[in-house]
Amino acid sequence: MSPHVLILGGTTEARELAAALTAHPGVRVTTSLAGRVTRPGALAGEVRVGGFGGAEGLADWLREQHVDALVDATHPFAESITANAAQAASAAGVPAVVLRRPGWQPGPEDRWHLVSSLAAAADLLPRFGPRVFLTTGRMGLSAFAHLTGRHFVVRSVEPPEPPMPPHTEVLLARGPFTVDDETALLREYLVDVLVTKDSGGAATAAKLTAARGLGLPVVVVRRPPLPEGVTAVPDVQQALARLGLSPT
């Protein structure tokens with residue numbers, strides 16, 4: 001029987017891993033998407049959409065589908081999914097790998113303010129000017145909804161839903177973005193402060209370079225810690241190595 005690998009997540013790394021695994025003859029690959037994006041990009045191998053019903057439901061699916069290895073390649077802030085994946089893999093006796101791109105690191109000219117949550121980021125905003133470029137995704141806008149004295153420019157892939165700040169402009173866009181484009185955006189909207197999550201990767205890092213060039217402060221939400229005993233690999237090559245495969 002062909003080995004079956006389940007990949008959780010629609011990240012760039014998940015797509016790259018799915019393509020790399022399907023290039024190996026005899027490997028069956030299923031990528032599971034949460035279904036929060038209405039038009040996901042093409043994926044190699046099989047695709048399923050939707051949740052599993054928590055850790056217990058995922059463990060049952062791993063057994064029923066005869067999964068031989070689980071790769072958690074979800075977003076670095078998908079804390080509950082990562083916890084469920086670790087618990088399910090342990091319960092089902094399935095080897096698990098967490099694939100996480102490295103986080104961003106500030107340079108000497110960056111004006112970063114590191115916080116532990118979206119709520120903490122909201123608490124910090126009154127220290128800065130009133131115009132905020134918010135790039136933390138559409139799911140956490142409620143953390144900023146009480147800030148009536150700020151003007152928010154919100155960028156997300158999908159239209160956000162309330163609650164959200166009362167003074168909000170929404171920009172629908174998907175990266176990658178160039179430094180020139182990000183610089184122009186920050187200038188056009190007269191941005192005083194940038195708020196982002198430490199997602200890592202190159203696709204959305206240009207905004208940090210643009211903010212540095214303009215001398216703008218950046219509020220960065222730290223990643224949640226991995227579950228106890230869980231470690232991560234930083235790239236597809238090391239994930240393949242953990243699975244006992246080599247790049248083709």
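If you're wondering where the values come from, they're calculated on a predicted model, not measured in any experiment.
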Subject >> Chi angles and distances behind the side chain to side chain contact (heavy atoms under 4.5 Å, CB included) call for Val132, Val195 >> reply: CA-CA 7 Å; Val132 183; Val195 182; 3.7 Å; yes
**OP:** Start with the C-alpha distance between Leu240 and Leu21, add both sets of side-chain angles, then the distance that settles side chain to side chain contact (heavy atoms under 4.5 Å, CB included), and finish with yes or no.
**Re:** CA-CA 8 Å; Leu240 291 171; Leu21 286 172; 3.7 Å; yes
**OP:** For side chain to side chain contact (heavy atoms under 4.5 Å, CB included), just list the numbers for Leu17 and Glu13, CA-CA rounded to whole Å, side-chain angles, deciding distance to a tenth of an Å, and then say yes or no.
**Re:** CA-CA 6 Å; Leu17 180 62; Glu13 292 76 21; over 6 Å; no
**OP:** Give the intermediate values and the outcome of salt bridge (Lys or Arg N to Asp or Glu O under 4.0 Å) for residues Arg138 and Glu158.
**Re:** CA-CA 7 Å; Arg138 66 189 177 98; Glu158 300 278 334; 5.2 Å; no
**OP:** Under the side chain to side chain contact (heavy atoms under 4.5 Å, CB included) rule, what do Thr231 and Val98 come out as? Steps first, then yes or no, please.
**Re:** CA-CA 7 Å; Thr231 59; Val98 177; over 6 Å; no
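Of all heavy-atom pairs spanning Ala34 and Val49, the tightest one is C-CG1, 4.5 Å. Across every non-hydrogen atom of Ala145 and Pro166, the tightest pair is O-CD, 3.6 Å. Residue Gly26 comes nearest to Pro3 through the heavy atom pair O-CD, 3.1 Å, listed as atom of the first residue, atom of the second, then distance. Minimum interatomic distance between Gly9 and Thr31 (heavy atoms only, all atoms of both residues): O-CG2, 3.5 Å. Counting all heavy atoms, side chain and backbone alike, Leu8 lies closest to Ala85 at CD1-CB, 3.7 Å. The two residues His4 and Thr30 make their nearest non-hydrogen contact at NE2-OG1, 2.8 Å.
With a 4.5 Å cut-off on side-chain heavy atoms, Arg101 and Ser199 count as touching. Counting heavy atoms from C-beta on, the side chains of Leu70 and Pro95 never come closer than 4.5 Å. Looking only at side-chain heavy atoms (C-beta outward), Val154 and Leu171 stay at 4.5 Å or farther from each other. Counting heavy atoms from C-beta outward, Leu141 and Leu134 have side chains that approach closer than 4.5 Å. The closest side-chain heavy-atom distance from Leu118 to Lys197 is below 4.5 Å. Contact annotation: the side chain of Thr136 never approaches that of Phe77 to less than 4.5 Å [non-hydrogen atoms, C-beta and beyond]. By the 4.5 Å heavy-atom criterion applied to side chains, Ser32 and Ile7 are not counted as neighbours. Between Leu214 and Thr183 the shortest side-chain heavy-atom distance falls below 4.5 Å.
A chain of hydrophobic side-chain contacts below 4.5 Å, direct or via other Ile, Leu, Val, Met, Phe, Trp or Tyr residues, connects Val233 to Val236. No path of Ile, Leu, Val, Met, Phe, Trp and Tyr side chains, each step under 4.5 Å between heavy atoms, connects Trp112 with Val221, placing them in separate hydrophobic clusters. In the hydrophobic clustering of this structure, Val94 does not group with Val230; members are Ile, Leu, Val, Met, Phe, Trp, Tyr whose side-chain heavy atoms approach within less than 4.5 Å, directly or through other members. If you chain together hydrophobic residues whose side chains sit under 4.5 Å apart, Leu147 and Val153 never meet in one group. Linking ILVMFWY residues whenever their side-chain heavy atoms come closer than 4.5 Å, directly or via other members, places Val218 and Leu186 in the same cluster.
With rounding to the nearest 0.5 angstrom, the CD atom of Gln237 is 12.0 Å from the CG atom of Leu99. Going from atom CZ of Arg187 over to atom CG of Leu216 covers 10.0 Å, rounded to the nearest 0.5 Å. Annotation: the span from His24 atom NE2 to Leu243 atom CG amounts to 9.0 Å, rounded to 0.5 Å. Here Ser156 contributes atom OG and Arg174 contributes atom CZ; the two are 10.5 Å apart, rounded to the nearest 0.5 Å. Atom CG of Leu58 and atom CG of Asp60 lie 9.0 Å apart (nearest 0.5 Å). Residue His151 holds its NE2 atom at 7.5 Å from OG1 of Thr168, rounded to the nearest 0.5 Å.
Distance alone, capped at 3.5 Å, places no donor-acceptor pair between the Ser90 side chain and the Ala86 backbone. Under a 3.5 Å cut-off, the side chain of Asp72 and the backbone N or O of Thr74 do form a donor-acceptor pair. Proximity of a side-chain donor or acceptor of Arg242 to a complementary backbone N or O of Leu245 within less than 3.5 Å is not detected. When atom types are taken as modelled, the side chain of Asp198 and the backbone of Trp104 share a donor-acceptor pair closer than 3.5 angstrom. Thr82 places no side-chain N or O within 3.5 Å of a backbone atom of Glu79 that could act as its donor or acceptor partner. Side-chain atoms of Thr11 come within 3.5 Å of backbone atoms of Ala73 as a donor-acceptor pair (strictly under, hydrogens ignored).
For Phe133, there are no ring-ring contact (aromatic ring centres under 6.0 Å, His included) partners at least two apart in sequence or on another chain. Residues satisfying the ring-ring contact (aromatic ring centres under 6.0 Å, His included) test with Phe52, not counting sequence neighbours, are Trp61.
Around CZ of Arg63, the count of heavy atoms belonging to other residues, nucleotides or ligands within 6.0 Å exceeds 12. The number of heavy-atom neighbours closer than 6.0 Å to CD of Glu56, taken from other residues, nucleotides and ligands shown, is 12 or below.
Here Arg28 does not pair with Asp68 in a salt bridge; the nearest charged N to carboxylate O distance is not below 4.0 Å. The pair Glu169-Arg155 fails the salt-bridge criterion, with no side-chain N (NZ, NE, NH1 or NH2) lying under 4.0 Å from an Asp/Glu carboxylate O.
Here the two rings, on Phe128 and His113, have centers that are under 6.0 Å apart.
Because its NZ or CZ atom is not both nearer than 6.0 Å to the ring centre of Phe152 and within 45° of the ring axis, Arg131 does not count as a cation-pi partner of that residue.
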Ignoring hydrogens and angles, write down the donor-acceptor pairs under 3.5 Å from the side chains of residues 201-208, residues two or more places apart or on other chains.
| unit_1 | atom_1 | unit_2 | atom_2 | d |
| --- | --- | --- | --- | --- |
| Lys207 | NZ | Thr135 | OG1 | 2.9 |
| Lys207 | NZ | Thr196 | OG1 | 2.9 |

